[in-house]
Number of protein chains: 2
Amino acid sequence: MNSRNPAPRSRRERPAKPALSYEGIVATAVGVMRAEGLQRVTMRRLAQELDTGPASLYVYVANTAELHAAILEELLGAVDLGPVSAAGDWRDRLAAVLGSYTRVLFEYPGLAHSALVARPSGPNYLGLVEALLALLHEGGIPDAQAAWGVDVLLQVATATAAEQSVRDRDIAAEDEHDALVDALRQVSAETYPRIAALGADLVSGAPEQRLAWIFRAVVNGVQATPRQPD
Amino acid sequence: MNSRNPAPRSRRERPAKPALSYEGIVATAVGVMRAEGLQRVTMRRLAQELDTGPASLYVYVANTAELHAAILEELLGAVDLGPVSAAGDWRDRLAAVLGSYTRVLFEYPGLAHSALVARPSGPNYLGLVEALLALLHEGGIPDAQAAWGVDVLLQVATATAAEQSVRDRDIAAEDEHDALVDALRQVSAETYPRIAALGADLVSGAPEQRLAWIFRAVVNGVQATPRQPD
DNA sequence: ACCTGAACACCGTTCAAGT
DNA sequence: ACCTGAACACCGTTCAAGT
């Protein structure tokens with residue numbers, strides 16, 4: 001027994017409190033998120049789960065935002081990037097990857113919302129970016145356009161997932177959305193002629209259909225829009 | 001003096017506490033936001049400002065999200081929708097309206113972030129949607145595409161403003177971004193060939209340039225992408 | 001109907017003090 | 001170096017009671 005490694009407690013006592021570590025904290029955070037949603041992943045809640053005080057976590061994590069980014073990076077591991085070598089149309093495969101990303105975000109309440117601001121920089125996030133860039137490259141999109149386009153694609157996917165998922169779990173958000181739908185329907189044709197003309201079409205369509213169209217439209221735009229117009 | 005209208009206090013006393021009202025609450029909220037940012041617009045802070053307890057506000061406002069949506073709707077009044085009758089290319093005018101929207105969001109810390117989830121349905125928001133639809137109509141974009149496209153345009157504008165504005169005021173967010181930039185630069189060319197090939201271009205460009213390109217690309221995509229492909 | 005005090009159930013973060 | 005207790009400075013929301 002050396003003094004660096006304190007004597008293990010007798011087996012009889014309840015499970016030894018494991019030493020804190022970045023990995024352990026993130027794993028616990030993911031667990032709490034799966035069970036209770038991201039809004040419950042707080043420094044205090046995590047400290048409680050790890051049987052310590054919140055101050056102890058600050059040795060490993062700088063702040064709550066960093067913690068949320070770490071969770072996102074971790075869960076991004078579940079995104080299906082598709083087979084490494086080509087099979088099928090690159091557009092379809094691009095849509096599939098983005099669809100998988102959206103579904104992962106959608107699966108966990110609050111995750112999409114956090115993805116809107118968090119900037120992970122781990123291997124799972126980089127892998128996703130790489131996969132999208134490879135597909136755009138395969139489609140012959142010029143590099144300069146692909147570089148900026150990948151951001152837009154992730155942005156619309158994330159924003160759509162956030163919007164949809166907040167509406168699904170939050171009654172207040174649903175009410176707000178219903179108010180908007182109502183407002184759009186009852187609008188005066190004199191003041192808002194185009195809204196009145198388009199009517200229900202403004203909020204029509206199943207989320208998946210809308211999102212599929214959005215992906216196609218953005219890809220087409222990225223493809224057709226040079227970076228230095230003259 | 002009637003009993004419905006309690007006797008006014010003598011002029012000598014400090015300014016009479018004005019009666020609460022939805023408008024008064026929203027106006028105070030906008031004031032606090034201008035002075036201290038949206039993160040300070042809390043039920044408790046507002047109650048303090050209005051010289052009452054937080055519970056009193058719940059007579060007029062259902063929850064904090066509704067309050068934030070009301071602030072957004074109010075500040076959207078500052079968006080420049082351009083002249084009513086045509087002058088200049090519709091694409092340029094569309095970009096100008098979206099640019100003005102982005103600048104308004106950007107002006108107030110936290111506002112863009114709230115716009116990502118809030119769904120206002122007041123006249124200022126409707127006016128913005130109407131203006132964008134009118135310009136897309138003028139450009140000959142089919143109604144079905146314009147109806148869904150306007151959402152995408154507002155989404156990318158909002159998400160870009162949120163990203164940029166969070167980075168400008170939040171040191172932690174800036175660190176996170178720097179970590180990402182570093183990670184992108186130092187990536188292994190074997191594991192992430194496309195990221196390595198594109199390198200700095202992934203994060204290049206002034207925000208305005210990027211955003212201007214994004215608007216052009218999305219408009220082009222919306223224009224070129226029919227809703228029912230076969 | 002409107003307003004309030006008080007309470008319930010939480011937050012993030014810092015810091016001096018301990019091991 | 002790592003961990004902790006305690007504190008500081010806050011949150012949203014509800015509800016019984018008052019006017």
Side-chain angles (χ1 to χ4, degrees), chain A residues 2-7 9 16-25 28-29 32-33 36-71 110 113-114 117-118 166 169-173 175, chain B residues 1-7 9 16-25 28-29 32-33 36-71 110 113-114 117-118 166 169-173 175-176:
Chain A
N2 78 54
S3 60
R4 247 96 146 277
N5 219 6
R9 283 147 183 280
K17 191 170 128 181
L20 289 178
S21 70
Y22 179 78
E23 290 76 19
I25 290 169
T28 306
V32 171
M33 138 144 267
E36 306 172 37
L38 191 68
Q39 69 281 166
R40 294 279 174 224
V41 182
T42 64
M43 291 299 202
R44 290 182 114 103
R45 177 75 183 73
L46 235 48
Q48 178 197 306
E49 201 75 16
L50 291 162
D51 200 12
T52 182
S56 307
L57 304 179
Y58 284 85
V59 176
Y60 303 95
V61 178
N63 51 50
T64 307
E66 190 183 300
L67 182 64
H68 286 185
I71 294 173
H113 187 250
S114 129
V117 278
V166 93
R169 336 248 172 195
D170 187 334
I171 300 157
D175 288 354
Chain B
M1 255 189 230
N2 77 54
S3 60
R4 247 95 146 276
N5 218 8
R9 282 144 185 283
K17 192 171 127 181
L20 289 178
S21 69
Y22 179 78
E23 290 77 18
I25 290 169
T28 306
V32 172
M33 137 144 268
E36 306 172 38
L38 192 67
Q39 66 282 166
R40 294 280 174 225
V41 182
T42 64
M43 292 298 203
R44 291 181 113 102
R45 177 76 183 72
L46 235 48
Q48 176 197 308
E49 202 74 17
L50 292 162
D51 200 12
T52 181
S56 306
L57 304 179
Y58 284 85
V59 175
Y60 302 95
V61 178
N63 50 49
T64 308
E66 189 184 299
L67 182 64
H68 287 186
I71 294 172
H113 186 252
S114 127
V117 278
V166 94
R169 342 250 168 191
D170 187 335
I171 300 157
D175 288 354
E176 243 175 40

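Naming: A, B, ... by sequence-line order, numbering from 1 per chain.
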Could you give the [atom1]-to-[atom2] distance, from [X] to [N], as a whole number of Å?
X	N	atom1	atom2	value
Leu20(B)	dA1(C)	CG	P	17 Å
Gln48(B)	dG5(C)	CD	P	14 Å
Leu57(A)	dG5(D)	CG	P	12 Å

Please test Glu36(A) against Val41(A) for side chain to side chain contact (heavy atoms under 4.5 Å, CB included), starting from the C-alpha separation and ending with a verdict.
CA-CA 8 Å; Glu36(A) 306 172 37; Val41(A) 182; over 6 Å; no
Pick the P atom in dA9(D) and in dA9(C), then give their distance to the nearest Å.
24 Å
Work out how far the P atom of dC8(D) is from that of dC10(C), and round it to whole angstrom.
22 Å
Under 4.0 Å from OP1 or OP2 of dT4(D): is there any side-chain N or O of Ser56(A) that close?
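Answer yes for this pair, as a side-chain N or O of Ser56(A) is under 4.0 Å from OP1 or OP2.
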Reckon Tyr60(A) has a side-chain N or O less than 4.0 Å from the OP1 or OP2 of dC3(D)?
yes
From CA spacing to verdict: side chain to side chain contact (heavy atoms under 4.5 Å, CB included), Leu50(A), Leu20(A)
CA-CA 8 Å; Leu50(A) 291 162; Leu20(A) 289 178; 4.1 Å; yes
I want to check something: taking the side chain as every heavy atom from C-beta on, are [X] and [Y] in contact at a cut-off of under 4.5 Å?
X	Y	answer
Thr28(A)	Ile25(A)	no
Arg44(A)	Gln48(A)	no
Gln39(A)	Met33(A)	no

Test ring-ring contact (aromatic ring centres under 6.0 Å, His included) applied to His68(A) - qualifying residues, sequence neighbours left out
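In terms of ring-ring contact (aromatic ring centres under 6.0 Å, His included), with neighbours along the sequence ignored, His68(A) is linked to no residue.
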Worked verdict on Leu38(B) versus Ile71(B) for side chain to side chain contact (heavy atoms under 4.5 Å, CB included):
CA-CA 9 Å; Leu38(B) 192 67; Ile71(B) 294 172; 3.9 Å; yes
Contact letters for nucleotides 7-14 of chain C, in which S counts primed atoms plus P, OP1 and OP2 and B counts the base, heavy atoms under 4.0 Å
B---BBBB
Where does DNA chain D pair, written as one dot-bracket string 5' to 3', with Watson-Crick or G-U pairs under 3.5 Å, ( ) inside the strand, [ ] for crossing pairs and | for another strand?
||.|||||...|||||.||
Could you go through Leu46(A) and Met43(A), starting from their C-alpha distance and side-chain angles, then the distance that decides it, and tell me whether this counts as side chain to side chain contact (heavy atoms under 4.5 Å, CB included)?
CA-CA 5 Å; Leu46(A) 235 48; Met43(A) 291 299 202; 5.5 Å; no
